[in-house]
There are 2 protein chains.
Amino acid sequence: MKPSFEDLKSELKRQRIGLSVQRLKILAYLAEHLDHPTVDQIYTALITEIPSLSKTTVYNTLSVLQDAGLVRPLQIDEHETRYDIEIETHGHFKCASCGTIYNFSLDPNVMQKIDLPAFQIMDKTVYFKGICPDCLSNKK
Amino acid sequence: MKPSFEDLKSELKRQRIGLSVQRLKILAYLAEHLDHPTVDQIYTALITEIPSLSKTTVYNTLSVLQDAGLVRPLQIDEHETRYDIEIETHGHFKCASCGTIYNFSLDPNVMQKIDLPAFQIMDKTVYFKGICPDCLSNKK
DNA sequence: GTTCCTGCAAAAGCTTTGCAGAAGA
DNA sequence: TCTTCTGCAAAGCTTTTGCAGGAAC
């Protein structure tokens with residue numbers, strides 16, 4: 001269930017955020033690549049299309065998109081931040097062998113059961129680590 | 001349920017890991033402070049006791065303890081890594097207002113329900129964000 | 001003509017690496 | 001003595017900041 005780029009675009013418009021070429025390309029890239037790209041990956045992918053692009057702009061844009069609630073940062077093992085288009089709540093699984101980060105859906109009923117009465121919860125993150133099916137079968 | 005420092009110490013011995021003053025102090029600090037200290041916090045706390053201590057040693061030691069399975073790194077919002085003594089599975093809650101990171105216990109029955117059939121899961125991390133009771137009452 | 005946006009350069013902050021000397025067995 | 005451990009200094013990386021030039025309205 002890919003988020004529609006058009007929806008994301010109109011959300012930017014609604015929030016009166018300028019639709020520069022750079023911002024649109026970065027947003028489009030995120031909408032198409034749901035594999036949690038890093039700043040560097042986004043930059044490297046777009047530098048051919050926008051030769052003048054700078055990493056600062058990628059950082060700036062991601063910050064804007066984050067404030068707008070369109071993308072969310074992902075803090076996984078590494079020291080670099082990965083980014084996710086904001087879609088319905090899902091968990092992440094990182095394979096310790098190949099490094100791939102998978103999405104998986106979270107049963108809302110189960111998630112609701114994890115609750116902290118006196119706390120006001122704004123966000124629930126679930127992150128698993130292990131070996132993915134591909135790497136499991138390769139080991140045989 | 002604080003982990004016993006003695007148990008941790010004998011675990012180090014069992015794994016034939018040298019019990020230097022630095023390592024023991026750092027381990028003791030972690031066993032006493034379950035509030036997920038950063039490298040800098042550990043360093044600052046111990047520099048008075050061990051004036052020669054260097055941050056490199058703190059990094060080295062944490063890496064050794066991590067490999068030994070005694071502590072686990074915590075990747076929360078910030079760019080710096082926090083450390084946790086390895087105790088039974090628990091979740092973390094970070095208050096967006098005061099920044100405190102709380103531990104909370106996870107119901108093993110509920111956690112078991114979150115499963116990925118084809119994946120071999122080695123570790124499950126749960127991390128919530130929101131406002132803690134203290135900050136909620138202060139806002140009144 | 002303002003305001004907003006980009007991107008270079010430099011700085012900042014956390015972490016790692018290389019290595020020499022100290023400590024310990 | 002031989003191995004392990006410490007800690008200084010420097011480097012490495014990601015991310016942030018300052019700011020000037022450019023684009024857009």
Side-chain angles (χ1 to χ4, degrees), chain A residues 9 12-30 36-68 70-84 99 101, chain B residues 9 12-30 36-68 70-84 99 101:
Chain A
K9 215 163 104 180
L12 279 186
K13 250 185 213 148
R14 201 184 63 72
Q15 296 194 36
R16 301 190 207 305
I17 294 172
L19 304 179
S20 74
V21 175
Q22 288 85 341
R23 288 182 182 166
L24 289 177
K25 289 274 184 192
I26 291 171
L27 189 57
Y29 183 87
L30 284 166
H36 324 90
T38 61
V39 168
D40 196 66
Q41 284 169 343
I42 298 169
Y43 172 77
T44 305
L46 297 182
I47 190 70
T48 50
E49 287 182 63
I50 316 172
S52 68
L53 185 66
S54 89
K55 267 191 191 169
T56 304
T57 298
V58 180
Y59 279 108
N60 284 342
T61 300
L62 287 170
S63 165
V64 167
L65 295 179
Q66 191 179 331
D67 291 348
L70 295 185
V71 305
R72 90 154 54 193
L74 221 69
Q75 222 67 49
I76 299 291
D77 271 343
E78 308 107 43
H79 290 134
E80 50 189 352
T81 307
R82 294 175 170 277
Y83 289 86
D84 229 6
I101 297 168
Chain B
K9 215 162 104 181
L12 278 186
K13 250 185 214 146
R14 200 183 63 74
Q15 298 195 33
R16 302 191 206 303
I17 295 172
L19 303 179
S20 74
V21 176
Q22 288 85 340
R23 289 182 181 166
L24 288 178
K25 288 275 184 190
I26 291 171
L27 190 57
Y29 183 87
L30 284 166
H36 324 91
T38 62
V39 167
D40 196 68
Q41 283 169 343
I42 298 169
Y43 173 77
T44 306
L46 298 181
I47 190 69
T48 50
E49 288 181 62
I50 317 172
S52 68
L53 185 65
S54 89
K55 267 190 191 172
T56 302
T57 299
V58 180
Y59 279 108
N60 285 342
T61 300
L62 288 170
S63 166
V64 167
L65 295 178
Q66 191 180 330
D67 291 347
L70 294 184
V71 305
R72 88 153 57 191
L74 221 68
Q75 222 67 49
I76 299 291
D77 271 342
E78 308 105 44
H79 293 134
E80 51 189 351
T81 307
R82 294 175 169 278
Y83 288 86
D84 228 6
I101 296 168

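Proteins get letters first, then strands, A, B, ... in listed order; numbering begins at 1 in each.
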Check your understanding: Is there a donor-acceptor contact under 3.5 Å from the side chain of A/Thr61 to the main chain of A/Thr57?
Key -> yes

Any idea which of [options] is nearest the [X] side chain?
{"X": "B/Asn60", "options": "D/dC5, D/dG7, C/dT15", "result": "D/dG7"}
{"X": "B/Glu80", "options": "D/dT15, C/dT15, C/dC8", "result": "C/dT15"}
{"X": "A/Ser20", "options": "C/dC14, C/dT6, D/dT6", "result": "C/dT6"}
{"X": "B/His79", "options": "D/dT15, D/dG7, C/dG7", "result": "D/dT15"}

To the nearest Å, give me how far apart [atom1] ([X]) and [atom2] ([N]) are.
{"X": "A/Ile47", "N": "C/dT6", "atom1": "CD1", "atom2": "C1'", "value": "13 Å"}
{"X": "A/Ile26", "N": "C/dC5", "atom1": "CD1", "atom2": "P", "value": "13 Å"}
{"X": "A/Lys55", "N": "D/dT15", "atom1": "NZ", "atom2": "P", "value": "9 Å"}
{"X": "A/Tyr43", "N": "C/dC8", "atom1": "OH", "atom2": "P", "value": "7 Å"}
{"X": "B/Gln75", "N": "D/dT15", "atom1": "CD", "atom2": "P", "value": "11 Å"}
{"X": "A/Asp40", "N": "D/dT14", "atom1": "CG", "atom2": "C1'", "value": "10 Å"}
{"X": "A/Lys25", "N": "C/dC5", "atom1": "NZ", "atom2": "C1'", "value": "18 Å"}
{"X": "A/Glu78", "N": "C/dT15", "atom1": "CD", "atom2": "C1'", "value": "14 Å"}

Gap between atom [atom2] of [Y] and atom [atom1] of [X] - 0.5 Å precision:
{"X": "B/Gln66", "Y": "B/Thr81", "atom1": "CD", "atom2": "OG1", "result": "8.5 Å"}
{"X": "B/Asp84", "Y": "B/Ile101", "atom1": "CG", "atom2": "CD1", "result": "9.0 Å"}
{"X": "B/Lys9", "Y": "B/Arg23", "atom1": "NZ", "atom2": "CZ", "result": "14.5 Å"}

**Study point:** Polar pair under 3.5 Å, donor/acceptor by atom type, side chain A/Thr56, base C/dC8
**Key:** yes

Review point. Does some side-chain heavy atom of B/Asp40 sit less than 4.5 Å from a side-chain heavy atom of B/Lys55?
Key: yes

OP1 or OP2 of [N] versus the side-chain N and O atoms of [X]: is any pair under 4.0 Å?
{"X": "B/Arg23", "N": "D/dT6", "answer": "yes"}
{"X": "B/Tyr59", "N": "C/dT15", "answer": "yes"}
{"X": "A/Gln22", "N": "C/dG7", "answer": "yes"}

Check your understanding: How would you label the contact of A/Thr38 with the nucleic acid (heavy atoms, under 4.0 Å): base, sugar-phosphate, or nothing?
Key -> nothing

Exercise for review: With heavy atoms under 4.0 Å as the rule, sort B/Ser52 into base, sugar-phosphate or nothing.
Suggested key: sugar-phosphate

